[in-house]
Peer 1: 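Let me begin by handing over the structure; questions about it come next.
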Amino acid sequence: MKPWPYPLWLAHRGAGKLAPENTLAAFRLGAQFGYRAFECDVKLSRDGEAFLLHDDTLDRTTSGRGSPAEQDWEALALLDAGSWHSPAFAAEPLPAFAQIAQFCLANGCALNVEIKPCPGTEALTGATVAREAARLWAGADVPPLLSSFKPEALVAARDTEPGLPRALLLDTLWDGWPEVAEALGVVAVITNWRLMDRALIERLHARGWRALVYTVNDVPVAEQLIADGIDGLITDRVDRITP
Ligand code: G3P
Ligand code: MG
């Protein structure tokens, strides 16, 4: 396997349980707890701005309503993405991908960018995020790791910026996933932790792929996976687990 420059522990959605997920406040909190690697979800506004949001709609985590793919960034940037979490985070904005890049580069933090397209925008989102990531991290020691559950998004990322590392996300071990991972030229496979065990880690390593898991919040589970040879764990529990 090739050298692996990413820390073992990554904070999920920034550190998105103690602070509003996928906001700069969450990244700041994770960094305060000692985290030097993060996972976040990135999608596109109607006018093609890459920004952080998990859901396909704005409803759960912002003051907005409906699909972010039907609104321009100028309007999205004015939304409150913090009040849903707690009053202390009122008026926390949705961050542009470029702002998160700036934070990570300034603080020596690695980033796993989950490409999370709104339905129907898989290829456009994969290509745009890859192009932006290559521009923002140009000359950096550690490039962002681009991951997705959507092979179509990773194909577009590969065709746009073949030099950026990619990972396939798996919530189930669907038929043909190893062939798809091979065709995508991934450096890692990131699974739901319930799917991962020593046998799968060894199977991935034998193909030259790193093995990562999401979202591990239980210390004994983490200890077992570390003993089994896991390469990375994505967690919400930045307060309980010191990287
Ligand atoms: O990237 C791994 C993990 O974030 C996938 O699940 O739904 O939290 O994006 P989700
Ligand atoms: Mg995610």
Side-chain angles (χ1 to χ4, degrees), residues 4 6-24 26-27 29-30 35 37-44 50-62 68 81 84-85 94-95 97 100-101 104 109-119 121-122 125-126 129-130 133 143-154 157 164-174 177 180-181 184 186-196 200-201 204 209-218 221-222 225 230-238 241 243:
W4 185 245
Y6 302 99
L8 181 65
W9 285 99
L10 301 88
H12 186 223
R13 305 185 191 175
K17 284 283 187 230
L18 301 175
E21 64 187 54
N22 286 313
T23 66
L24 204 44
F27 278 72
L29 193 79
Y35 277 71
F38 294 89
E39 183 266 1
C40 66
D41 307 296
V42 176
K43 49 174 44 77
L44 301 183
F51 72 101
L52 274 61
L53 186 74
H54 179 274
D55 297 359
D56 287 339
T57 70
L58 297 158
D59 300 37
R60 181 177 63 87
T61 59
T62 81
W84 71 274
H85 181 278
L94 288 169
F97 181 40
I100 293 301
C104 289
C109 296
L111 190 62
N112 168 207
V113 183
E114 184 189 341
I115 304 168
K116 197 82 143 180
C118 284
T121 67
E122 287 78 7
T125 307
V129 171
L145 175 64
L146 307 182
S147 62
S148 189
F149 288 106
K150 305 288 184 187
E152 196 183 341
L154 290 171
L164 285 181
R166 293 171 298 282
L168 181 62
L169 277 161
L170 297 174
D171 201 37
T172 60
L173 297 176
W174 39 268
W177 69 264
V180 170
L184 290 168
V186 300
V187 297
V189 173
I190 309 175
T191 75
N192 185 312
W193 66 266
R194 291 178 178 83
L195 302 176
M196 194 65 84
L200 182 55
I201 292 170
L204 294 171
W209 301 330
R210 299 287 176 164
L212 286 80
V213 281
Y214 67 89
T215 304
V216 178
N217 295 328
D218 187 63
V221 168
L225 287 164
I230 201 80
D231 297 295
L233 304 103
I234 300 172
T235 185
D236 295 315
R237 293 309 304 265
V238 301
I241 299 171

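All of these numbers come straight from a predicted model, not from anything done at the bench. Basis for what follows: all heavy atoms, side chains included, without hydrogens, waters or symmetry-related copies. Atoms within a ligand are numbered from 1 in the order they appear, just like the ligands themselves.
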Peer 1: Taking only heavy atoms of Leu169, which atoms of ligand 1 are found under 4.0 Å from at least one of them?
Peer 2: 1 (O), 2 (C)
Peer 1: Under a 4.5 Å cut-off applied to non-hydrogen side-chain atoms, are Cys40 and Leu111 in contact?
Peer 2: yes
Peer 1: Below 4.0 angstrom from a heavy atom of His54, which ligand 1 atoms are there? Numbered from 1 as shown, please.
Peer 2: 7 (O), 8 (O), 9 (O), 10 (P)
Peer 1: By atom name, which N, O or S atom of Glu39 is the nearest to the Mg ion (ligand 2)?
Peer 2: OE2
Peer 1: For Thr215 and Asp236, test the side chains for any donor-to-acceptor distance below 3.5 angstrom and give the result as yes or no.
Peer 2: no
Peer 1: Counting heavy atoms only, which part of Thr215 comes closer than 4.0 Å to ligand 1: side chain, backbone, both or neither?
Peer 2: neither
Peer 1: In this structure, which one of Trp9, Tyr214, Trp193 forms a side chain to side chain contact (heavy atoms under 4.5 Å, CB included) with Thr235?
Peer 2: Trp9
Peer 1: If I apply the N/O under 3.5 Å rule, does Asp41 come out as touching ligand 1?
Peer 2: yes
Peer 1: N/O to N/O below 3.5 Å, does that happen between Tyr214 and ligand 1?
Peer 2: no
Peer 1: Please list, in number order, the atoms of ligand 1 under 4.0 Å from a heavy atom of Glu39.
Peer 2: 1 (O), 2 (C), 3 (C), 4 (O)
Peer 1: For Lys116, counting its heavy atoms only, list the atoms of ligand 1 lying under 4.0 Å from any of them.
Peer 2: 7 (O), 9 (O), 10 (P)
Peer 1: Does Thr62 reach the side chain of Leu53, with side-chain heavy atoms less than 4.5 Å apart?
Peer 2: yes
Peer 1: Looking at ligand 1, does any of its N/O atoms fall within less than 3.5 Å of an N/O of Ser147?
Peer 2: no
Peer 1: Give the numbers and elements of all ligand 1 atoms closer than 4.0 Å to a heavy atom of Arg13.
Peer 2: 7 (O), 8 (O), 10 (P)
Peer 1: Side-chain contact test, heavy atoms from C-beta onward, threshold under 4.5 Å: evaluate it for Pro95 versus Phe27 and give yes or no.
Peer 2: no
Peer 1: Checking side chain to side chain donor-acceptor pair (under 3.5 Å) between Arg13 and each of Glu39, Glu114, His54, which is the one that passes?
Peer 2: His54
Peer 1: Among all protein heavy atoms, pick the one closest to atom 5 (C) of ligand 1 and tell me residue, atom and distance.
Peer 2: Glu114 OE1, 3.5 Å
Peer 1: Is the side chain of Ser148 donor-acceptor paired with the backbone N or O of Ile115 at a distance under 3.5 Å, no angle test?
Peer 2: yes
Peer 1: Among the N, O or S atoms of Glu114, which one sits nearest to the Mg ion (ligand 2)?
Peer 2: OE1
Peer 1: Considering the options Asp41, Ile100, Val113, which one meets the side chain to side chain contact (heavy atoms under 4.5 Å, CB included) requirement together with Leu52?
Peer 2: Ile100
Peer 1: Can you tell me if Ile190 contacts ligand 1 (heavy atom of the residue under 4.0 Å from the ligand)?
Peer 2: no
Peer 1: Check all N, O or S atoms of Asp41 and name the one closest to the Mg ion (ligand 2).
Peer 2: OD1
Peer 1: List the steps, then state whether side-chain contact (heavy atoms from CB on, under 4.5 Å) holds for Val180 with Trp174.
Peer 2: CA-CA 10 Å; Val180 170; Trp174 39 268; 3.8 Å; yes
